[in-house]
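First comes the structure, then the notes that go with it.
What you are looking at is a predicted structure, and each value in this text was computed from that prediction instead of being measured. Throughout, a chain's letter reflects where its sequence line sits, starting with A, and its residues are numbered from 1.
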Amino acid sequence: MQFQSPTGTLDIYAPESDEIQKLVVVFSKLVKYLGYKLILTPMFEDAGLFKAGAGQNADVVTKEMYEFEDKSGRHLALKPEGTASVIRAFVQHSYQTPFKAWYLSPAFRYENPQSGRYRQHHQLGVEVLGPTSYLADVEIIYLLDRFYKELGLKNYRLLINSMGHSEVGEASECRNQYKVVLLKYLDQRAELLCQDHRLKYELNPLRVLDCKKPDCVGALEGAPRLVDYLCQDCMTHHESVLNALSDLNIEFENAHNLVRGFDYYTKTTFEFQSTALKSSQSAISGGGRYDNLVANLGGQDVSGAGFGIGIERLMMALNAEEIRLDKSEQYDCFLVNLVTDFMPMKLIDSFIKAGLRIGYSIDGGSLKSQMRQANKSGADIGIIIGASELESASATLKNLRNSDQFGVSIDSLVSEASKLLATIREKKF
RNA sequence: GUGACCGUAGCUCAGUUGGCAGAGCACUAGGUUGUGGCCCUAGGGGUCGCGGGUUCAAAUCCCGUCGGUCACCCCA
């Protein structure tokens with residue numbers, strides 16, 4: 001019986017996994033400079049956590065969540081996004097603020113796969129908990145921009161908006177005031193909206209802003225804009241963020257209709273899009289500020305901000321720009337062993353201790369066959385050990401770039417190999 | 001959940017009005033004692049996604065199913 005991976009899931013191996021490894025290393029080094037610590041949280045949580053977090057209006061939670069009961073009837077769900085778990089851990093363990101964490105985590109959503117959309121994908125993300133200042137927003141946006149630049153990504157843009165603030169049941173808050181205005185506007189043009197929203201725009205009028213259908217886009221021309229209804233505090237915050245980004249020479253576009261899918265965002269929301277991607281999923285990261293989320297999940301009144309990067313989408317964007325992150329060959333040296341009772345692991349150990357990557361044929365084979373393997377492996381140096389070499393406690397070192405070869409004693413093999421490698425690389429590169 | 005297109009060797013694909021399952025690349029082994037890359041020769045590898053139906057005969061036609069790709073909703 002053969003099995004295959006479930007619909008919408010990916011097996012990722014070299015060379016793609018090499019690039020992902022590299023990308024994670026770049027990211028983890030970068031966030032380390034600003035004090036972020038890695039956090040590992042469970043892949044599944046109480047299903048209620050995500051409902052309380054991302055909200056009842058988020059499709060990701062209401063119709064796309066992998067929910068199940070475990071053997072003792074607990075109602076669990078595979079995490080559809082990264083933030084809720086981190087907040088839950090923060091509250092549960094009473095971590096101190098300012099709290100800065102980064103994560104690498106799979107995320108699961110039961111949706112129909114298409115380009116850039118899978119049932120399991122992977123996210124790199126950060127969360128900053130505690131700070132209320134606009135600087136937190138600026139820092140995480142800076143981080144993303146810096147990250148993309150270090151990867152060599154060029155064709156991307158930053159969309160940014162402010163959602164205002166909105167506490168449960170507080171009609172006076174600026175987002176709620178805007179909602180009333182928008183609703184009034186939509187009421188007058190309901191019949192112009194797309195089929196979907198014509199019926200359900202009242203449920204969550206903000207969602208209509210996000211609609212890409214021509215009907216809705218047309219009906220929204222001249223619609224009131226959220227930024228114009230921000231309260232003083234939200235307005236100042238928003239302007240401070242934008243000014244700081246300008247100061248940092250980080251280009252952005254005001255996206256008055258950018259309303260992200262999770263209910264928890266307040267004030268800043270943003271999205272980075274790849275302009276190199278032709279498919280309809282061009283968002284390569286998204287995030288924002290969430291000042292009520294910690295409290296909503298049972299914690300103190302603690303502000304927060306964070307983002308998630310879709311690794312698969314970032315890979316697509318890198319690919320579209322023809323950026324290869326890890327070009328290195330598999331090995332520096334390749335051991336060709338012709339003596340079946342010579343056990344090579346000791347020799348291999350001495351290469352590893354010297355920091356040299358060494359390949360060898362585990363199952364042996366003819367000289368020709370092992371040389372072919374050496375060639376394919378991309379190694380610069382071949383090390384041949386046969387009966388005659390063993391007799392004289394030596395090995396043959398071969399420069400695979402120009403076919404020169406010479407004998408060296410086993411004792412000096414590692415140092416001679418390093419020396420030869422250095423000369424080859426100096427000439428070649 | 002909805003819709004369109006597509007499933008033939010590890011990969012990219014050809015396969016005519018239904019008539020013996022193919023190519024290129026990749027892989028393996030050789031090309032005179034122990035030398036890779038180019039070249040030459042040979043070889044291995046396919047229940048034609050799976051199940052049913054029509055037919056003397058199905059990769060080819062019909063139905064179903066699973067998978068993939070892309071799009072909608074929504075999102076990374």
Please examine the side chains of A:Leu182 and A:Leu209, heavy atoms only from C-beta on, and report whether any two atoms are closer than 4.5 Å. yes

Can you tell me how far P in B:G15 sits from the matching atom in B:G7, rounded to whole Å? 11 Å

Taking the six-membered ring for Trp, are A:Tyr178 and A:Tyr229 parallel (under 30°), tilted (30 to 60°) or perpendicular (over 60°)? tilted

Quick one: does A:Asp46's side chain have a donor or acceptor within less than 3.5 Å of a partner on A:Leu76's backbone? no

Which is true for A:Gly382 with a 4.0 Å heavy-atom rule: it touches a base, it touches only sugar-phosphate, or it touches nothing? nothing

Note, A:Leu338 side chain near A:Ile385 side chain (heavy atom, < 4.5 Å): no

When you compare B:U60 with B:U54, how far apart are their P atoms, in angstrom units rounded to a whole number? 15 Å

Taking the side chain from A:Glu81 and the backbone from A:Thr83, do they hold a donor-acceptor pair closer than 3.5 Å? yes

Specify whether A:Tyr290 and A:Tyr264 have parallel, tilted or perpendicular ring planes, treating 30° as the upper limit for parallel and 60° as the lower limit for perpendicular. perpendicular

What integer number of Å spans the C1' atoms of B:A26 and B:G10? 7 Å

Which protein N or O atoms sit under 3.5 Å from an N or O of nucleotides 43-48 of chain B?
none

Base, sugar-phosphate alone, or nothing: which one does A:Pro113 contact when heavy atoms must sit under 4.0 Å apart? base

Can you find a pair of side-chain heavy atoms, one from A:Asp404 and one from A:Lys398, that are under 4.5 Å apart? no

Rounded to whole Å, the CD-C1' distance (A:Glu111 to B:C72) equals 12 Å

Tell me whether the side-chain N or O atoms of A:Gln281 pair up with the base of B:A71 as donor and acceptor below 3.5 Å, since no angle test is needed here. no

Pairwise P distance, B:G51 and B:C66 [rounded to whole Å]: 15 Å

Reading nucleotides 31-41 of chain B from the 5' end, what letters show protein touch, with B for base, S for backbone sugar-phosphate only, - for no heavy atom under 4.0 Å? B--BBBB----

Name each donor-acceptor pair under 3.5 Å that joins a side chain in residues 147-157 of chain A to protein atoms two or more places apart or in another chain, with its distance.
from     : atom 1 : to       : atom 2 : distance (Å)
A:Tyr148 : OH     : A:Ser285 : OG     : 2.7
A:Lys149 : NZ     : A:Asp145 : OD2    : 2.6
A:Glu150 : OE2    : A:Arg146 : NE     : 3.3
A:Tyr156 : OH     : A:Asp145 : OD1    : 2.8
A:Arg157 : NE     : A:Gln273 : OE1    : 3.1
A:Arg157 : NH1    : A:Glu253 : OE1    : 3.1
A:Arg157 : NH2    : A:Gln273 : OE1    : 2.9

Rounded to whole angstroms, how far apart are OH on A:Tyr13 and C1' on B:G10? 14 Å

d(CD, A:Glu64; P, B:G1) in whole Å: 12 Å

What nucleic acid atoms does A:Gln114 come within less than 4.0 Å of, heavy atoms only: base, sugar-phosphate, or nothing? base

Quick check: on RNA chain B, is the nucleotide nearest A:Glu271 upstream (toward 5') of the one nearest A:Pro6, or the reverse? Name the residue that is more 5'. A:Pro6

Quick check against the 3.5 Å criterion: does A:Ser85 have a side-chain atom that pairs as donor or acceptor with the backbone of A:Gly82? no

Take a 6.0 Å sphere around CZ of A:Phe44 and say whether it holds more than 12 heavy atoms from other residues, nucleotides or ligands. no

Classify the nucleic acid contact of A:Gly82 as base, sugar-phosphate or nothing, counting any heavy atom under 4.0 Å across all strands shown. nothing

Roughly how many Å is it from CD1 in A:Ile309 to P in B:A76, rounded to a whole number? 12 Å

Can you tell me, in whole Å, how much space there is between the C1' of B:G22 and that of B:A9? 10 Å

Would you say A:Ser285 places a side-chain N or O within less than 4.0 Å of OP1 or OP2 belonging to B:A76? no

Toward the 5' end of RNA chain B, which comes first, A:Lys63 or A:Thr9, by nearest nucleotide? A:Thr9

Base, sugar-phosphate, or nothing: which does A:Tyr118 touch, judged by heavy atoms less than 4.0 Å apart? base

Decide, yes or no, whether a salt bridge links A:Asp137 with A:Lys267 under the criterion of side-chain N to carboxylate O below 4.0 Å. no

Before giving the answer on side-chain contact (heavy atoms from CB on, under 4.5 Å), spell out for A:Glu19 and A:Leu314 the whole-Å C-alpha distance, their side-chain angles and the decisive distance to 0.1 Å. CA-CA 11 Å; A:Glu19 300 199 81; A:Leu314 177 54; over 6 Å; no

So what does A:Phe262 touch, heavy atoms closer than 4.0 Å: a base, only the sugar-phosphate, or nothing? sugar-phosphate

Write down the distance separating the C1' atoms in B:A4 and B:G46, rounded off to the nearest Å. 29 Å

Are A:Ser115 and A:Gln281 close enough that a side-chain donor and a side-chain acceptor fall under 3.5 Å? no

Say you pick atom P in B:U2 and the same atom in B:C13; how far apart are they, in whole Å? 29 Å

Kindly indicate whether the side chain of A:Met371, heavy atoms from C-beta on, has any atom under 4.5 Å from the side chain of A:Val336. yes

Taking C-beta and beyond as the side chain, do A:Pro224 and A:Val181 meet within less than 4.5 Å on heavy atoms? yes

Is atom NZ of A:Lys22 surrounded by more than 12 heavy atoms (other residues, nucleotides or ligands) closer than 6.0 Å? no

Without decimals, in angstroms, what is the distance between A:Ile20 CD1 and B:A76 P? 18 Å

Grab the CG-P distance between A:Asn319 and B:A76 for me, whole Å please. 22 Å

Just confirming the chi classification of B:G37, syn or anti, using 90° around 0 as the syn window. syn

Check this one for me: any side-chain N or O of A:Thr7 less than 4.0 Å away from OP1 or OP2 of B:G68? yes

Of residues 146-164 of chain A, the positions that come close to RNA chain B - non-hydrogen atoms, cut-off under 4.0 Å: none

Tell me, what's RNA chain B's dot-bracket, Watson-Crick or G-U with both distances under 3.5 Å, | for other-strand, [ ] crossing? (((((((..((((.....[..)))).(((((.......))))).....(((((..]....))))))))))))....

Is the shortest distance from a Lys or Arg side-chain nitrogen in A:Arg425 or A:Asp332 to a carboxylate oxygen in the other one below 4.0 Å? yes

Is A:Arg119 close enough and on-axis enough to A:Phe108, meaning under 6.0 Å and within 45°, for cation-pi? no

Anything under 30° is parallel, anything over 60° is perpendicular, the rest tilted; go ahead and classify A:Tyr95 against A:Phe90. tilted

Distance, P atom - from B:U8 to B:A14, rounded to whole angstrom: 10 Å

Euclidean distance, atom CZ of residue A:Arg119 to atom P of B:C74 [Å, nearest integer]: 18 Å

Polar atoms only, N or O, under 3.5 Å: list the protein pairs with nucleotides 2-7 of chain B and their distances.
from : atom 1 : to       : atom 2 : distance (Å)
B:U2 : O4     : A:Asn112 : ND2    : 2.4

Rounded to the nearest angstrom, tell me the gap between atom CZ in A:Arg313 and atom P in B:C74. 14 Å

